[in-house]
Amino acid sequence: MRRVGLDGLRLGWARARNIGNLARKIAGKVVVVLCYHRVARVPSDINALAVTPENFRDQLNYLKNNFQLVRFEDDWTDLERTAVAVTFDDGYADNLQVALPIIEEVGVPATFFISSAAVGNDREFWWDELERLTLDVSGYPNEFRLQDTPQQRIWPTATFVDRLALFRQLHPLLLQAGAEQRVRWLEQIRVWAGERKSTGVDNRLLTAAELRALAASPWVSIGAHTISHPRLAGLSEAEQRREIFGCKEQLEALLGREMVLFSYPYGKKSDYSPTSVRLCREAGFHKAAAAFPGLVRRGTDPLQIPRHFVYNGEARTLANYFQGCWIR
C-alpha cells in the first residue's frame with residue numbers, strides 16, 4: 001500500500017511520462033515491474049488500490065500480446081526484448097478469488113508479497129478501516145477531536161466534504177505514526193464514528209488456507225512484505241530486523257518453502273533506509289521491490305527494484321500512460 005490522493009495519482013503518472021522520455025535515450029533491454037494490490041469491484045476506493053476484473057483481464061492481455069513476460073525472481077540479464085513483471089502487495093483475499101483465475105486464464109506469471117500478520121486476520125488494513133470509518137454517508141458528530149500528545153487537533157466533520165478533508169489529513173499522520181500510536185488513534189476514530197461495522201467482505205484478507213492455495217498455482221510466486229506492514233524508516237534496527245526476518249520465517253513455516261523475495265511497505269525511498277536494504281541482504285533475499293517508478297536495467301540494485309503502480313483503467317489507458325517507458 002502507498003500514499004494516496006488525486007494529486008499524488010497525477011504526479012505518479014507525470015513521473016511515468018518523464019521516465020518514458022528518459023527511456024527513449026537508454027540503450028538495451030529493460031524490465032518494467034508493475035505493482036497491483038487488488039482486483040475487485042469495491043463501493044469506494046479513495047486509496048486507488050482496486051482494478052476491476054474486466055480491466056485487469058484487458059491489461060494482462062495487452063501485456064501478453066506486446067511484451068516479454070518475466071517472473072520477478074527470474075534472471076533478467078538475457079532478455080529477448082523489453083519485459084514486464086507483474087506483482088501484488090499486501091495479501092487481499094480477492095488476489096486468490098478474482099485475480100488468480102484471470103492470471104491463469106491469460107497465462108501471466110505474478111508475484112504476491114504478503115504481510116504475514118495479515119494472514120487469517122479478521123481486521124482490515126488500517127487505510128481501509130480509515131476510509132470506511134470516515135467516508136460513510138451520514139450520522140457523524142459535527143467534529144472529531146484527536147487527543148494524543150503531540151497531536152491534539154479538531155476537525156469539522158458535519159459534511160462529506162469535511163470528512164474527506166479529515167481522511168486526507170489523517171492518512172499521512174497514521175502512516176507516520178508508530179504502531180501503538182496508530183492503535184490509539186484508530187480507537188478514537190472508531191468511537192467518534194460510532195457503529196460502522198465492516199461486513200468483512202469488501203476488504204477481507206487471505207486466510208492461511210487461501211494463501212496456500214494461491215501459492216500452489218504454477219503461475220504464482222510468493223514474497224515477504226514484513227509482519228505488520230510498518231514504515232520501516234520509522235523503526236529501530238532491532239524492530240526492522242524483527243519485521244523483515246520474522247515475516248520470512250513465518251511465511252516459510254506456513255508454506256514450506258524458502259522466501260527469497262521481499263517488498264518494502266509503502267516503498268518510497270523515504271519509507272525505508274540503508275539499514276532496511278542491509279537487513280534484506282542479511283536475511284538472504286535475492287530481490288526486493290520498492291515503490292518508486294523506474295526502469296530495471298543493468299546496474300539496478302536488486303534490493304531496490306523500482307515499480308510502477310497500476311490504476312484502474314482499460315488496456316489503452318495503461319498503454320497511453322506508459323508509452324515510451326517500454327522499448328521493444
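When reading the values below, keep in mind they use all heavy atoms of this one structure, side chains included, and skip hydrogens, waters and symmetry mates. The structure displayed is predicted, hence computed values, not measured ones.
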Whether Phe88 and Tyr36 hold their rings parallel, tilted or perpendicular, with breakpoints at 30° and 60°: parallel
Exam field: side chain Asp90 to backbone Tyr92, donor-acceptor pair closer than 3.5 Å: no
Test item: Leu318 and Tyr62 side chains (from C-beta on) under 4.5 Å apart, heavy atoms: yes
Donor-acceptor pair, side chain of Asn121 and main chain of Ala118, under 3.5 angstrom: no
Between Gln169 and Arg153, a side-chain donor and acceptor under 3.5 Å: yes
Residue pair Glu73, His286: steps toward the side-chain contact (heavy atoms from CB on, under 4.5 Å) verdict: CA-CA 8 Å; Glu73 67 270 26; His286 298 172; over 6 Å; no
cation_pi(Lys29, Trp76) dist<6.0 Å, angle<=45: no
ILVMFWY network linking Val42 to Leu164, side-chain heavy atoms under 4.5 angstrom: no
Pair Glu187 + Arg190, salt bridge at N-O below 4.0 Å: yes
Chi angles and distances behind the side-chain hydrogen bond (donor to acceptor under 3.5 Å, both in side chains) call for Gln240, Ser276: CA-CA 7 Å; Gln240 290 194 55; Ser276 313; 2.5 Å; yes
Salt-bridge present (Glu243, Arg241; N to O < 4.0 Å): no
Under 3.5 Å: donor-acceptor pair, side chain of Glu129, backbone of Trp126: no
Hphob cluster co-occupancy, Leu130 + Leu173, side-chain heavy atoms under 4.5 angstrom: yes
Side chains of Val39 and Thr52 in contact at under 4.5 Å (non-hydrogen atoms): no
Side-chain donor-acceptor pair present, Thr157, Asp162, cut-off under 3.5 Å: no
Arg182 CZ: over 12 foreign heavy atoms closer than 6.0 Å: yes
The single option from Leu211, Leu96, Leu206, Asn95 passing side chain to side chain contact (heavy atoms under 4.5 Å, CB included) against Phe112: Asn95
Thr300 side chain vs Arg297 backbone, donor-acceptor pair below 3.5 Å: yes
side-chain contact (heavy atoms from CB on, under 4.5 Å) between Gln152 and Leu146, intermediate numbers included: CA-CA 5 Å; Gln152 298 192 36; Leu146 179 61; over 6 Å; no
Leu34 side chain near Val84 side chain, heavy-atom distance below 4.5 Å: yes
Arg307 with Asp89: basic N within carboxylate O range, under 4.0 Å: yes
pair Val30-Val296: side-chain heavy atoms closer than 4.5 Å: no
Close side-chain approach of Val108 and Leu63, heavy atoms under 4.5 Å: no
All salt bridge (charged side-chain N to carboxylate O under 4.0 Å, His left out) counterparts of Glu180, not counting sequence neighbours: none
Val70 backbone acceptor or donor facing Asp74 side chain under 3.5 Å: no
Any donor-acceptor pair under 3.5 Å from Trp155 side chain to Ala165 backbone: no
Exercise: do Gln304 and Tyr272 side chains pair donor with acceptor under 3.5 Å: yes
Ring centre gap for His229 and Tyr266 strictly below 6.0 Å: yes
Glu131 side chain reached by His171 side chain, heavy atoms, under 4.5 Å: no
Lys/Arg N to Asp/Glu carboxylate O, Glu105 vs Arg57, below 4.0 Å: yes
Residue pair Tyr311 / Ala48: nearest heavy atoms and the distance that separates them: CD2-O, 4.0 Å
Residue pair Leu279, Phe262: steps toward the side-chain contact (heavy atoms from CB on, under 4.5 Å) verdict: CA-CA 11 Å; Leu279 289 173; Phe262 184 82; over 6 Å; no
Minimum heavy-atom distance Leu174-Trp185, with the two atoms named: CD2-CE3, 3.7 Å
Under 3.5 Å donor-acceptor, Arg38 side chain and Ala93 backbone: no
Single-linkage hydrophobic cluster Val310~Leu60, side-chain heavy atoms < 4.5 angstrom: yes
Donor-acceptor contact below 3.5 Å, side chain Asp45 vs main chain Leu49: yes
Under 3.5 Å: donor-acceptor pair, side chain of Arg163, backbone of Thr134: yes
Inter-residue atom distance Leu170.CG - Ile189.CD1, 0.5 Å rounding: 5.0 Å
Aromatic Phe292 / basic Lys269 pairing, under 6.0 angstrom, 45° off normal: yes
Residue pair Leu135 / Ile46, side-chain heavy-atom distance below 4.5 Å: yes
Minimum-distance pair of heavy atoms, taken over all atoms of Gly107 and Leu69: O-CD1, 4.3 Å
Note, Ile244 side chain near Phe285 side chain (heavy atom, < 4.5 Å): yes
Polar side-chain atom of Asn203 near backbone of Glu124 as donor-acceptor pair, under 3.5 Å: no
Test log, rule side-chain contact (heavy atoms from CB on, under 4.5 Å), inputs Val31 and Leu295: CA-CA 6 Å; Val31 179; Leu295 302 170; over 6 Å; no
Geometric class of the His225/Phe113 ring pair [parallel <30°, tilted 30-60°, perpendicular >60°]: tilted
